[in-house]
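The next block holds one structure in the form of structure tokens; read it before the comments.
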Number of protein chains: 2
Amino acid sequence: MVTKQFNGSSGDDVDLRRADSLAREIFSDVANKWALLIIEALGERTLRFSELRNEVEGISHKMLTQNLRMLERNGLAERKAHPTVPPRVEYTLTEPGRALRGTVDLICGWTHRYLGHIEGARRRFDT
Amino acid sequence: MVTKQFNGSSGDDVDLRRADSLAREIFSDVANKWALLIIEALGERTLRFSELRNEVEGISHKMLTQNLRMLERNGLAERKAHPTVPPRVEYTLTEPGRALRGTVDLICGWTHRYLGHIEGARRRFDT
DNA sequence: CTGTATCCTAGCAGATACTG
DNA sequence: CAGTATCTGCTAGGATACAG
């Protein structure tokens, strides 16, 4: 483990390792239930915090802010705060976010397509 | 909440609700880091438990068995145990599993495509 | 080799209360 | 309304040991 730091790895090697761990990190951020549901809910629309809270069924206040921060940090969603009172904060997907949304749509489509199939498999397994 | 049970909802309504909660359940099963990484690792191949353990970097013994059971239960992967000693158990994606794999590939592609973009967004955000 | 069971801990996630 | 902070229970997930 530690020895790897001294085995004369090239600069390219280091870059690859870093890119890999970064990719893995992003994958972990994104491959999570709430993040994907938020992205799906946003779609092409611009929604307020409270609207999102209603759209994403079952999400808690905390999880929503937490995931929105994460999406914003990774540049998948844009946060626009209007300096009014009461405050009004709107969220929109960025281009990378919209690109990812396409894949989420596919997963949703997949889910509905194989719903019956999966239900049957479960019944068979649970015996 | 409870009142909904008595509001005269039609049979279709009930079916829809059930389908929705099932879809949500499947989505939760599938939209998780380890499950997706296992699916990606399997691809078109047939792999043994120990091979999978090596392919999916960082996964623990426990998480692997747990997720494999889940995949098997949902009919996404097939488990074939050879009655030899020592035991030899092989896993293969089923058709629904392979279909889902296509979407996982897209997420992976997306990750690499926007890696630099995201890295930049993070740097900007972290200040 | 594969799988199950047990223990144990870090961190996830809900509820609540408080600020601007 | 949106966001943060604190407290707390709980469960995900690692380590380990053992069985078939």
Side-chain angles (χ1 to χ4, degrees), chain A residues 1 21 24-38 41-42 45-74 76-93 125-127, chain B residues 1 24-39 41-42 45-74 76-93 125-127:
Chain A
M1 272 203 161
S21 84
R24 176 63 79 95
E25 207 181 313
I26 295 168
F27 190 84
S28 298
D29 272 0
V30 146
N32 111 24
K33 182 183 159 181
W34 292 129
L36 294 180
L37 288 174
I38 291 172
L42 269 176
R45 301 179 289 175
T46 292
L47 292 179
R48 304 180 56 168
F49 183 87
S50 48
E51 291 171 334
L52 267 171
R53 186 136 169 49
N54 293 331
E55 290 292 324
V56 181
E57 168 140 348
I59 196 168
S60 69
H61 188 104
K62 189 183 179 181
M63 283 301 100
L64 184 54
T65 44
Q66 205 165 98
N67 279 277
L68 282 173
R69 283 303 152 275
M70 183 274 285
L71 292 177
E72 192 191 353
R73 181 169 115 91
N74 287 324
L76 305 196
E78 199 179 1
R79 176 178 183 276
K80 179 143 196 170
H82 297 80
T84 60
V85 45
R88 176 187 189 85
V89 183
E90 297 179 325
Y91 293 91
T92 320
L93 290 184
F125 187 90
D126 294 342
T127 49
Chain B
M1 271 204 160
R24 177 62 81 93
E25 206 180 313
I26 295 169
F27 190 84
S28 298
D29 271 0
V30 145
N32 110 28
K33 185 184 159 181
W34 292 128
L36 294 180
L37 287 174
I38 290 172
I39 290 171
L42 270 177
R45 301 180 287 175
T46 292
L47 292 180
R48 306 181 53 169
F49 182 88
S50 48
E51 291 171 331
L52 267 171
R53 186 137 169 48
N54 293 330
E55 290 292 323
V56 182
E57 169 140 347
I59 198 170
S60 71
H61 187 104
K62 189 183 180 179
M63 283 302 98
L64 185 53
T65 42
Q66 204 166 100
N67 279 278
L68 282 174
R69 282 305 149 275
M70 182 274 285
L71 292 177
E72 191 192 353
R73 182 168 114 90
N74 288 325
L76 305 196
E78 199 180 1
R79 178 178 184 275
K80 178 143 198 171
H82 297 80
T84 60
V85 45
R88 174 188 190 85
V89 183
E90 296 178 326
Y91 294 91
T92 320
L93 290 185
F125 187 90
D126 294 341
T127 50

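Note that these values count all heavy atoms, side chains included, but never hydrogens, waters or copies made by symmetry. In the text below, chain A, chain B and the rest are named by the order of the sequence lines, each starting its count at 1. Note that the structure is a prediction, hence the values are computed from the model and not measured.
Dashed line: the shortest gap from a side-chain N or O of Y91(A) to OP1 or OP2 of dC1(D) is not under 4.0 Å. In this model, the phosphate group of dT2(C) is not approached by any side-chain N or O of R88(B) to a distance below 4.0 Å at OP1 or OP2. Side-chain N/O atoms of R69(B) include one lying less than 4.0 angstrom from OP1 or OP2 on dG3(C). Dashed line: the shortest gap from a side-chain N or O of S60(A) to OP1 or OP2 of dA13(C) is not under 4.0 Å.
When rounded to the nearest whole Å, the span between CE of M63(B) and P of dT2(C) equals 18 Å. Atom CG of L64(B) and atom C1' of dG3(C) are 11 Å apart (whole Å). Between Q66(A) atom CD and dG3(D) atom C1' the separation is 13 Å, expressed in whole Å. The separation between M70(A) atom CE and dC12(C) atom P is 12 Å, rounded to whole Å. dG14(D) atom C1' lies 11 Å from atom CZ of R53(B), rounded to whole Å. In this structure, the CG atom of L52(B) is 10 Å from the P atom of dG3(C), given to the nearest Å. In this structure, NZ of K33(B) is placed 14 Å from C1' of dG11(C), rounded to the nearest angstrom. Here dA17(D) presents its P atom at 16 Å from NZ of K62(B), a figure rounded to the nearest Å.
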Problem set entry | Test log, rule side chain to side chain contact (heavy atoms under 4.5 Å, CB included), inputs L68(B) and L52(B) | CA-CA 10 Å; L68(B) 282 174; L52(B) 267 171; 4.0 Å; yes
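Side-chain contact between L93(B) and I39(B) is present, with heavy atoms from C-beta onward closer than 4.5 Å.
Residue-to-nucleotide proximity on DNA chain D shows that, of R79(A) and W34(B), the 5′-proximal contact is made by R79(A). Projected onto DNA chain C by closest heavy-atom contact, P86(A) and H61(A) fall at different nucleotides, the more 5' of which corresponds to H61(A).
A salt bridge does not link K80(A) with E78(A): every distance from a Lys NZ or Arg NE/NH1/NH2 to an Asp or Glu carboxylate oxygen is 4.0 Å or more. Ionic pairing of E51(B) and R48(B) is not present here: no N-O contact between side-chain nitrogen and carboxylate oxygen is shorter than 4.0 angstrom. Between D126(A) and R73(B), at least one side-chain nitrogen of the basic residue sits less than 4.0 Å from a carboxylate oxygen of the acidic one, meeting the salt-bridge criterion.
Comparing dA2(D), dT6(D), dG3(C) by their nearest atom to the side chain of T65(B) picks out dG3(C).
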